[in-house]
Amino acid sequence: MTKRIVKNSRMLEEVLEGLHSIPKKLSPKHFYDKRGAELFDQLCTLEEYYPTRTEISILETYMGDISASLGRRPILYEFGSGSSTKIQILLNNIKDIVGYVPIDICPEYLKTSVEELRRKFPNLAISPICADFSEKVELVDSITRAHRDCGRVVFFPGSTIGNFTSEEAVNFLHNAASTLGARGKLLIGVDMIKDVAVLERAYNDSGGVTAEFNLNILHRINRELGADFNPSSFHHRAFFNRHLSRIEMHLVCSETCQISIREHVISFKAGESIHTESSYKYEFQSFVALAERSGFRFLRRWTDTLEYFNVLLFEV
């Protein structure tokens, strides 16, 4: 237990800061232990959760055009690579790719996905980086060092950019631009504003997978930080905040209680919630303006027939 707590000292600091905030909050990056990553992959296959299948459809439909737009002999970097499902569409269609650098915060999941990719693409150079991509990532991998003259392309799918506030998104994109360097490209998935019923159904699936994914963050805090949350005292709530144009996910406490994390005690009132995730939805022009504030220039847009989702290409 001691070694685990020392290893997660940064997580402990962030969790305590969030739970002492008013209102209480936790960073969504803490969803992603091995179990959380597995649950996320499961919810991405659900009928209610349109973003994954819509983005995949866009990538498959326009892959020829997308590939041509990325330039010759690119190195592909993926922030939040997870199971590396979507990147395989690019890897199967970009014939002169120099290498792939998956970047993810969960070491166990990163190791598993890289092993699978190496079986599927035995001739592809793969150099993983375990890092928190919400902060600036230093590219110290073997592929980047060996091919400094090749074009760099960051692939950031899944509308994960929606987890950041606008200022956080600008800061993240500014860091990405700095990581890429001059003429580097960003291929990014962005979820669009649409009918509220469609949005809320995507985050409240009938099988309860999203609820289990949300509650898993408490199980992880218990296991890795020695907390004593009773997850059965909390329930999942997700809704669209029209004013802020975002889906909010919360864990709502059903009773007055106290929980402890080592020597720290946090009190909850009945009905009080922990805000675990925001997922901002964008209008096309507003997202382009945000990216341009961060040092990018808009190049191309690909979308589905309903315009539910956009895959956008930018250049530093």
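- Sorted by first and then second residue, the salt bridge (charged side-chain N to carboxylate O under 4.0 Å, His left out) pairs involving residues 302-313 (not counting sequence neighbours) are R301-E307.
- Evaluation of the side-chain contact (heavy atoms from CB on, under 4.5 Å) rule for I193 yields S245, K281, E283 as partners, not counting sequence neighbours.
- The shortest side-chain heavy-atom distance between P51 and S159 does not fall under the 4.5 Å cut-off.
- L70 CG to I97 CD1: the interatomic distance, rounded to the nearest 0.5 Å, is 9.5 Å.
- Evaluation of the salt bridge (charged side-chain N to carboxylate O under 4.0 Å, His left out) rule for E38 yields K34, R35 as partners, not counting sequence neighbours.
- Here the side chains of W302 and I66 are in contact, with some heavy-atom distance below 4.5 Å.
- N310 places no side-chain N or O within 3.5 Å of a backbone atom of V190 that could act as its donor or acceptor partner.
- For the pair L251 and L26, the minimum side-chain heavy-atom distance is 4.5 Å or more.
- Distance CZ/R220 to CG/L218: 12.5 Å, rounded to 0.5 Å.
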Return a table of donor-acceptor pairs under 3.5 angstrom between the side chains of residues 266-275 and protein atoms on other chains or two or more places apart.
{"from": "S267", "atom 1": "OG", "to": "Q258", "atom 2": "NE2", "distance (Å)": "3.1"}
{"from": "E272", "atom 1": "OE1", "to": "K269", "atom 2": "N", "distance (Å)": "2.9"}
{"from": "E272", "atom 1": "OE2", "to": "K24", "atom 2": "NZ", "distance (Å)": "2.6"}
{"from": "S273", "atom 1": "OG", "to": "H250", "atom 2": "ND1", "distance (Å)": "3.0"}
{"from": "H275", "atom 1": "NE2", "to": "E277", "atom 2": "O", "distance (Å)": "3.1"}
{"from": "H275", "atom 1": "NE2", "to": "S278", "atom 2": "OG", "distance (Å)": "2.9"}

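- N241 is linked by a side-chain contact (heavy atoms from CB on, under 4.5 Å) to F239, H243, L244, R246, E248, counting only residues two or more places apart in sequence or in another chain.
- Residues T85 and T52 are not in side-chain contact: their nearest non-hydrogen atoms beyond the backbone lie 4.5 Å or more apart.
- Note: the hydrophobic cluster containing L91 also contains Y62 (ILVMFWY, side chain heavy atoms under 4.5 Å, direct or indirect links).
- Considering every non-hydrogen atom in both N163 and P28, the closest pair reads CB-CG, 4.4 Å.
- The backbone N or O of Y282 lies less than 3.5 Å from no partner atom in the side chain of S286, so there is not a single donor-acceptor pair.
- No side-chain donor-acceptor contact under 3.5 Å links E116 to the backbone of T112.
- At distances below 3.5 Å, not a single donor-acceptor pair connects side-chain atoms of S279 with backbone N or O atoms of G162.
- Looking only at side-chain heavy atoms (C-beta outward), Y100 and F121 stay at 4.5 Å or farther from each other.
- Residues F287 and Y280 have side chains not in contact (no heavy-atom distance under 4.5 Å, counting atoms from C-beta outward).
- Between the side chains of Y77 and T179, no donor N or O sits under 3.5 Å from an acceptor N or O.
- Using modelled atom types, one side-chain atom of S254 and one backbone atom of S233 make a donor-acceptor pair closer than 3.5 Å.
- Take A125 and apply the side-chain contact (heavy atoms from CB on, under 4.5 Å) test, not counting sequence neighbours, and it matches I143.
- Within a 6.0 Å radius of CZ in R53, more than 12 heavy atoms belonging to other residues, nucleotides or ligands are found.
- Contacts of E13 classified as salt bridge (charged side-chain N to carboxylate O under 4.0 Å, His left out), with partners at least two apart in sequence or in another chain: none.
- Atoms CG and CG, from D104 and L110 in turn, are 5.5 Å apart once rounded to the nearest 0.5 Å.
- Under a 3.5 Å cut-off, the side chain of S67 and the backbone N or O of G64 do not form any donor-acceptor pair.
- Residue pairs meeting the ring pair (Phe, Tyr, Trp, His ring centres under 6.0 Å) criterion with at least one member in residues 132-153, sequence neighbours excluded: F133-F156.
- Between the side chain of N204 and the main chain of A238, a donor-acceptor pair closer than 3.5 Å is present.
- Pairs engaging residues 198-210 under the salt bridge (charged side-chain N to carboxylate O under 4.0 Å, His left out) rule: E47-R201 [sequence neighbours left out].
- The environment of K25 atom NZ is sparse: at most 12 non-hydrogen atoms of other residues, nucleotides or ligands sit within 6.0 angstrom.
- The main-chain N or O of Y203 is found under 3.5 Å from a side-chain atom of H236 such that the two form a donor-acceptor pair.
- No donor-acceptor distance shorter than 3.5 angstrom exists from the side chain of S294 to the backbone of L173, with no hydrogens or angles considered.
- Looking at heavy atoms from C-beta onward, F31 lies in side-chain contact with N214 at the 4.5 angstrom threshold.
- Across every non-hydrogen atom of C253 and E255, the tightest pair is SG-O, 2.8 Å.
- Panel note: side chain N92, backbone Q88; a donor-acceptor pair is recorded below 3.5 Å.
- Judged as a side-chain contact (heavy atoms from CB on, under 4.5 Å), and not counting sequence neighbours, the contacts of R183 are E315.
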Legend entry - Evaluation steps, ring-ring contact (aromatic ring centres under 6.0 Å, His included), between Y308 and Y50: CA-CA 8 Å; Y308 272 11; Y50 65 86; 5.5 Å; yes
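- Residue pairs meeting the salt bridge (charged side-chain N to carboxylate O under 4.0 Å, His left out) criterion with at least one member in residues 132-144, sequence neighbours excluded, are R10-E135, K29-D132.
- Both V101 and V98 are members of a single hydrophobic cluster when ILVMFWY side chains are connected at heavy-atom separations under 4.5 Å.
- The shortest side-chain heavy-atom distance between V311 and L59 falls under the 4.5 Å cut-off.
- A donor atom on one side chain and an acceptor atom on the other are not found under 3.5 Å apart for T210 and Y49.
- Residue pairs that meet the salt bridge (charged side-chain N to carboxylate O under 4.0 Å, His left out) test with at least one member in residues 60-84, sequence neighbours left out, are D65-R300.
- The hydrophobic cluster containing I75 does not contain L90, counting ILVMFWY residues as joined when their side-chain heavy atoms lie under 4.5 angstrom apart, directly or transitively.
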